[in-house]
Visitor: 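For reference, the structure I am asking about is given below.
Side chains included, hydrogens not; waters and symmetry mates left out as well; all remaining heavy atoms used. Just so it is clear, the model here is predicted, and its values are computed rather than measured.
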Amino acid sequence: MKKIMFKDRYGLTKAVLNGTKTMTRRIIPEIRVYFWRSGRQKANIVGLQSQVLMVDYSHVLGENLIYCADSKYQPKYYKGDEVAVAQSYSDLNESGYVAPEWCEHSCESSAGYKNKMFAKPSLMPHRIRITNIKLERLQDISDEDCIREGVEKWMDSYIVPGIMEYGKNNVCFDTPREAFANLIDRISGKGTWERNPYVFVYEFELIK
């Protein structure tokens, strides 16, 4: 079983588990392939065909052909997948969750005790189901989707989730898009929003 991780620092795992976050965007790295005589060339992303990412190198090869992108650029999750929501064993302990099948892994010497990257998907108590996948540019996000991504409304403003110092450190914004732009820069690095990369958009529902 696959697992998926959300940033605890901004309360995103909690938002998934309480059902308020039902969408996530994952950035597609810039695709470059080495061609003899032409060197490393950037691919033009065409779109998704049956959930497969396609690219166009006709500007290099001089042929009007569409190619399947390398496997490392393909979506990690597909429509219908049931995916474990990653949590560290210590977080599960603190939340009061107890299950005999993973108790033996919950000791402090376990790699997944503090770092959910090493937690076993089969031991995670919560699951989501991928209900849709699409391809778009990061800045194509709608206000509605910003809310589905976890942006919270507070009075007449919108805030980066998980940040309680409202109005400080540029976390209080006039629109959902401004709040999401700040959030994605915090998660993926400053300048990500401005760069406007292609992203896989995963819609999901909490099933467990």
Side-chain angles (χ1 to χ4, degrees), residues 1-7 10 12-13 15-35 40-61 63-87 116-151 176-177 180-181 183-185 187-189 192-193 195-208:
M1 175 178 287
K2 300 174 184 176
K3 68 180 178 182
I4 188 168
M5 295 192 293
F6 300 95
K7 283 286 187 180
Y10 304 112
L12 298 184
T13 301
V16 170
L17 298 183
N18 67 25
T20 58
K21 180 174 173 63
T22 59
M23 180 178 282
T24 185
R25 281 159 171 74
R26 302 297 162 115
I27 295 170
I28 303 172
E30 185 178 82
I31 304 175
R32 289 184 177 272
V33 174
Y34 182 84
F35 291 96
R40 292 186 66 82
Q41 295 291 324
K42 182 179 178 181
N44 297 317
I45 293 178
V46 176
L48 287 174
Q49 296 183 8
S50 300
Q51 301 189 79
V52 176
L53 182 66
M54 309 300 290
V55 296
D56 180 6
Y57 288 116
S58 59
H59 64 294
V60 178
L61 300 177
E63 302 174 6
N64 187 23
L65 296 173
I66 304 301
Y67 301 87
C68 177
D70 290 349
S71 59
K72 65 180 179 180
Y73 299 111
Q74 294 299 332
K76 186 173 181 180
Y77 314 105
Y78 294 92
K79 186 176 180 179
D81 281 357
E82 291 189 8
V83 185
V85 179
Q87 293 177 272
K116 63 184 178 181
M117 181 180 294
F118 302 107
K120 295 184 178 182
S122 61
L123 302 180
M124 297 296 98
H126 302 291
R127 307 275 191 275
I128 60 172
R129 179 184 292 116
I130 305 300
T131 57
N132 193 31
I133 174 177
K134 58 185 179 180
L135 176 77
E136 64 182 32
R137 290 280 192 175
L138 183 61
Q139 292 183 18
D140 290 339
I141 191 170
S142 66
D143 285 351
E144 179 184 2
D145 282 358
C146 289
I147 302 300
R148 293 185 64 189
E149 279 275 4
V151 167
R177 280 171 58 85
F180 177 76
L183 175 62
I184 200 69
D185 275 3
I187 292 173
S188 301
T192 300
W193 174 260
R195 185 161 52 86
N196 195 25
Y198 279 101
V199 293
F200 290 124
V201 182
Y202 298 103
E203 300 178 53
F204 57 84
E205 60 183 359
L206 183 67
I207 58 175
K208 183 178 179 181

Visitor: Could you pull out the closest heavy-atom pair between Tyr73 and Ala69, with the gap in Å?
Guide: CB-CB, 4.3 Å
Visitor: Can Met1 and Ser122 be said to form a side-chain contact (heavy atoms from CB on, under 4.5 Å), step by step?
Guide: CA-CA 7 Å; Met1 175 178 287; Ser122 61; 5.9 Å; no
Visitor: When you measure from the side chain of Arg127 to the backbone N and O of Val85, does any donor-acceptor pair fall under 3.5 Å?
Guide: no
Visitor: What I want to find out is whether Glu82 reaches Lys2 closely enough, with some N-O distance under 4.0 Å, to be called a salt bridge.
Guide: no
Visitor: Ile128 versus Glu205: any side-chain heavy-atom pair under 4.5 Å?
Guide: no
Visitor: With a sphere of 6.0 Å drawn around NZ of Lys42, does it hold more than 12 non-hydrogen atoms of other residues, nucleotides or ligands?
Guide: no
Visitor: Is there a donor-acceptor pair closer than 3.5 Å between any side-chain N or O of Asp56 and the backbone N or O of Val46?
Guide: no
Visitor: Is the Lys NZ or Arg CZ of Arg129 less than 6.0 Å from the centre of Tyr202's six-membered ring, within 45° of the axis?
Guide: no
Visitor: As an exercise, state the distance from CD1 of Ile31 to OH of Tyr198, rounded to the nearest 0.5 Å.
Guide: 10.0 Å
Visitor: Donor-acceptor pair, Arg32 side chain versus Gln41 backbone, under 3.5 Å?
Guide: no
Visitor: Supply the atom-to-atom distance Arg137 CZ to Arg195 CZ, rounded to the nearest 0.5 angstrom.
Guide: 10.0 Å
Visitor: Indicate the atoms forming the closest heavy-atom contact of Ile66 with Gln49, along with that distance.
Guide: CG2-NE2, 4.5 Å
Visitor: Quick one: pull up CD1 in Ile130 and CD1 in Ile133 and give me the separation to the nearest 0.5 Å.
Guide: 8.0 Å
Visitor: Please identify which of these residues, Lys79, Arg25, Arg148, meets the salt bridge (charged side-chain N to carboxylate O under 4.0 Å, His left out) condition with Glu203.
Guide: Arg148
Visitor: Rounded to the nearest 0.5 Å, how far does CG of Leu48 lie from CE of Met54?
Guide: 10.0 Å
Visitor: Kindly say whether Gly189 contributes a backbone atom to a donor-acceptor pair with the side chain of Thr192 at under 3.5 angstrom?
Guide: yes
Visitor: Side chains of Gln74 and Cys68: does their closest heavy-atom pair fall under 4.5 Å?
Guide: yes
Visitor: Tell me if a side-chain donor or acceptor on Asp81 pairs with a main-chain N or O of Val83 at a distance below 3.5 Å.
Guide: no
Visitor: Which heavy atom of Ala86 sits nearest a heavy atom of Lys3, and at what distance?
Guide: CB-CD, 4.1 Å
Visitor: We want to know whether Lys116 and Thr13 form a side-chain donor-acceptor pair, criterion being a heavy-atom distance below 3.5 angstrom.
Guide: yes
Visitor: Indicate yes or no: at least one non-hydrogen side-chain atom of Lys21 is less than 4.5 angstrom from one of Phe204.
Guide: yes
Visitor: Classify the angle between the aromatic ring planes of Phe180 and Trp193 as parallel (below 30°), tilted (30 to 60°) or perpendicular (above 60°).
Guide: perpendicular
Visitor: Is any side-chain heavy atom of Val16 closer than 4.5 Å to one of Thr22?
Guide: no
Visitor: Starting at CD1 of Ile45, measure out to CD1 of Ile28 and round the result to the nearest 0.5 Å.
Guide: 4.5 Å
Visitor: Check the surroundings of atom CE in Met117: do more than 12 heavy atoms from other residues, nucleotides or ligands lie under 6.0 Å from it?
Guide: no
Visitor: What is the distance from atom CG of Leu138 to atom OG of Ser188, rounded to the nearest 0.5 Å?
Guide: 8.0 Å
Visitor: Which pair of heavy atoms, one from Ala119 and one from Gln87, lies closest together, and at what distance?
Guide: CB-O, 3.5 Å
Visitor: If you look at every heavy atom in Asp140 and Glu136, which pair is closest and at what distance?
Guide: OD2-CB, 3.9 Å
Visitor: Write down the atom of Arg26, the atom of Thr24, and the distance for their closest heavy-atom approach.
Guide: NE-OG1, 3.0 Å
